[in-house]
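Keep in mind that the numbers below use all heavy atoms, side chains included, and drop hydrogens, waters and symmetry copies. Letters A, B, ... are given to chains in the order of the sequence lines, protein chains preceding strands, and every chain is numbered from 1.
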Amino acid sequence: MTKAIDDNPWDSGKQAVVKMLAEAADTTVETVYDSIEVPPDSVMGDLASTLAFTLAKELKKNPAAIASEVLAKLQKLIEKESLVSKVETKGPYINIFFDRAAFAKTTITSVSKSGSSYGTSSQFKGKRVLIEFPAVNPSKPWHIGHARNAILGDTLSNILENVGYEVVRLEYINDLGLQIAQLVWKLKQVSDDAGDQKYDHFLGHLYVEVQETFDNSEEVQKEVREVSRHLEDLQSEDAKISGEMVRKCVLAQCQTGYRLGIFHNYQVWESAIAHSGILSLARDMMIKCDNIFIPEEGDKAGCIVADLSVIDEFKDLKDPYKILFRSDGTRTYTGADVALQLWKFGLIKDPFKYAVFDSQPNGEDVKRTTLQGGRGDLGKFDIVLNVIGTRQAHPQKMVYTVLDLMGFTKESENSHHIAYEFVGLEGQDFSGRQGTWVGYSTDDVLNKSTEMALTEVNQRNPDESDEFKAMVANQVAVGAIRYFMLNASPDRKITFRWEQALDFNGDAAPYLQYSLARAKRILEKTERDNEVEVDLYQLTSDPEFELVKAISKYPEEVLDVARAMKKEVWGTSFFSNRITAYGYGLATLFSKFYDSCPVLKAEPRVKKARLALVESFMITMTNCLQILGIPIVDRM
RNA sequence: GGGCGCGUAGUCUAGCCUGGAUAAGGCGCCAGCCUUCGAAGUUGGAGGUCUCAGGUUCGAAUCCUGACGCGCCCGCCA
């Protein structure tokens, strides 16, 4: 149940209806609540109940007859309830109509009272969340699939903040991988001069070049392994080359994120982890557990393994031993991930020092882990989210399972893999090694999108300044890309097609932005007339009321998305597309209202009321776009 | 071998968790609407064996079982 301090007009209306129905049908509130639905067409009613079907079983009566009986009692009850004007039955369905005027008044009053915080709630206040995304290797630019990850992570963060969580956004930088060693090897032969190229693109191309030599020469492989060893020693020449290279690459990748409105609070660097002592602390913790040990014989002799067979789900595995540390003492990926996850929950004392990595355009610094610098204070987290492709479902599950084996049951349960499908081309995935990302980097897509948007802006605003056109083109382009990524259900693979990603018509961000621009134009052209009193009881026509209802549902919609997150076998579900769908629906209803209900030319009392509705719409749409990270436009 | 996801008009998708009234949108196609707040809009139309077969139910796109098709995952790798 929603707390009273949060404005949630739709839920309030629903609760009132549920209460009356429960009384009329002489049954529990829960039973009624579960039977409530929205009728397929609003001419049938604003809410409906299928309670008669449920009761038919126990009462052994015809559902339609039950519905009529309930209706008779309901008729009396609604006289005392100002929010409900009419109830009727259609066969077994009990249909409820809100009192349009009263409902409009409470909704609009809620919105104007809450303003920019309309839609936020305190439901999850006091809980802290750490979320990691998008963890791109610092050896290439983001391709458009990385953008999907980052946009999902950022929007999820926004939603969680809206429902009361404190969210810390973390980026993971793997500066010790094979990719980095390969690039350092290459950079010792070629100039580190990127020329006009953005540094991450420069590296990305170099990386593709390296692959062929690497695959075809054992000599090169040997040399790269040598570099790899040197990287462990922070004082080595190779480590210095690497440090500078990675710094420049991450900085370049950040620029891409900034264009999309994506910012972080912290970066955790692998090189810092390697020298922090975290790994040996984690190993010591692991080895103390009953189900984690070192086999003395067999093919895994000398490794530190977790015995998964004690977990029901894995008891039938052919080989239930999951290796965390190899027989040579080095960690596997799973081992490292477990250590990192322990650190994220504060189960390992934070050994890091922190330094400012960059000052972000949102005015906040992003800090990185280092070995010098000031101490940080990340604090404890209740929930840890990792935004990672769905292909990593199994490895992620391993990490959480090991946590459970170690006795950290609560932390294991509160570890979530936010899974999503990849973005690819028809018949092929993006690959850093093969360079299939070329032409599909996030920068390329944003550039092309901005270029196309500029053409559109030019046509519509030929007399505006170049600065204005550039700004709007950018807002439209960024919005279009973010919406495109969010509007696809995360469990569905996206086959990237330019004409689809860059379509500015229909079900796309510019439609939402446009509706907002139109609303603002109306409000801008209004001279405030304080002579006339606001009478919200005027808003009773279909287009007006449909818009009111959509506005009233916004807080519930945001909460629903947060509540619907659920741990599944393949990861934790996150319905990003529900928020875009809401925004699209809201824009549609505004467009219909706009078309059929003149505001400025209406007679004074109606005009005043409609202006209040337009203003409520503007507030709601603005808040919704902010969650989606879609730029707010004034004109376009 | 085991597991996961997906299958809905020409096309791209939403709905499936939590069963309910005529299966909802975008793009494309056809026909309208700018002397009235911005046409990136709006009104109407054509277009469907919801992959298939069983089952549960008063009721199934939705839940269960089994097929089929497509994609992915199951290393002391990274």
Is the distance from OP1 or OP2 of [N] to the nearest side-chain N or O of [X] less than 4.0 Å?
X	N	value
A/Asn505	B/rG41	yes
A/Arg563	B/rC17	no
A/Arg492	B/rA14	yes
A/Tyr594	B/rG38	yes
A/Lys397	B/rG3	no

Report the nucleotide, chosen from [options], that has the shortest atom-to-atom distance to any side-chain atom of [X].
X	options	result
A/Val569	B/rC27, B/rA21, B/rC4	B/rC4
A/Arg497	B/rU42, B/rG20, B/rC12	B/rC12
A/Asn577	B/rG38, B/rA14, B/rU22	B/rA14
A/Lys566	B/rA21, B/rU18, B/rC76	B/rU18
A/Lys300	B/rC76, B/rG25, B/rU43	B/rC76
A/Lys322	B/rG75, B/rC17, B/rU22	B/rG75
A/Val457	B/rA40, B/rC37, B/rC12	B/rA40
A/Pro510	B/rA40, B/rC76, B/rC72	B/rA40
A/Thr332	B/rC76, B/rA40, B/rC6	B/rC76

Protein-nucleotide distance ([X], atom [atom1]; [N], atom [atom2]), rounded to Å:
X	N	atom1	atom2	result
A/Tyr584	B/rA14	OH	P	15 Å
A/Tyr582	B/rA24	OH	P	22 Å
A/Lys601	B/rG38	NZ	P	9 Å
A/Phe575	B/rU18	CZ	P	11 Å
A/Ile522	B/rU36	CD1	C1'	12 Å
A/Arg518	B/rU42	CZ	P	7 Å
A/Trp570	B/rG71	CH2	C1'	16 Å
A/Glu421	B/rG7	CD	P	12 Å

Would you measure the distance from the [atom1] atom in [N] across to the matching atom in [M] and give it in whole Å?
N	M	atom1	answer
B/rA23	B/rA14	C1'	11 Å
B/rG69	B/rG25	C1'	26 Å
B/rG26	B/rG41	C1'	15 Å
B/rC16	B/rG32	P	39 Å
B/rU13	B/rC6	C1'	13 Å
B/rU51	B/rG71	C1'	16 Å
B/rG59	B/rG20	P	14 Å
B/rA9	B/rG48	C1'	5 Å

Please name the nucleotide paired to B/rC6 by Watson-Crick or G-U wobble geometry with both distances under 3.5 Å, or report none.
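Because both required distances fall under 3.5 Å, B/rC6 counts as paired with B/rG69.
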Do we see A/Tyr333 stacking on the base of B/rA78, given a limit of 5.5 Å between centres and 30° between planes?
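Yes, aromatic ring over the base.
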Answer yes or no for this row: A/Tyr93 ring on B/rA21 base, centroids under 5.5 Å, planes under 30°.
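Taking the rule of under 5.5 Å and under 30°, the ring of A/Tyr93 does stack on B/rA21.
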Side chains of [X] and [Y]: is there a donor and an acceptor less than 3.5 Å apart?
X	Y	result
A/Gln341	A/Asp337	no
A/Tyr400	A/Asn386	yes
A/Ser49	A/Ser35	yes
A/Gln211	A/Gln434	no

Do the ring planes of A/Phe496 and A/Trp498 sit parallel (below 30°), tilted (30 to 60°) or perpendicular (above 60°)?
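Geometry flag for A/Trp498 against A/Phe496: perpendicular rings.
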Parallel, tilted or perpendicular: which fits the ring planes of A/Tyr321 and A/Phe293, with parallel below 30° and perpendicular above 60°?
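The rings of A/Tyr321 and A/Phe293 stand perpendicular, inter-plane angle above 60°.
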Please classify B/rC34 as syn or anti, treating any glycosidic angle within 90° of 0 as syn.
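With its glycosidic angle within 90° of zero, B/rC34 counts as syn.
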Are the side chain of A/Arg610 and the backbone of A/Pro598 linked by a donor-acceptor contact shorter than 3.5 Å?
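Looks like yes, one N/O pair under 3.5 Å.
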Below 3.5 Å, does any donor atom in the side chain of A/Asn95 face an acceptor in the base of B/rA21, or the other way round?
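Between B/rA21 and A/Asn95, which were checked side chain against base, a qualifying N/O pair under 3.5 Å is present.
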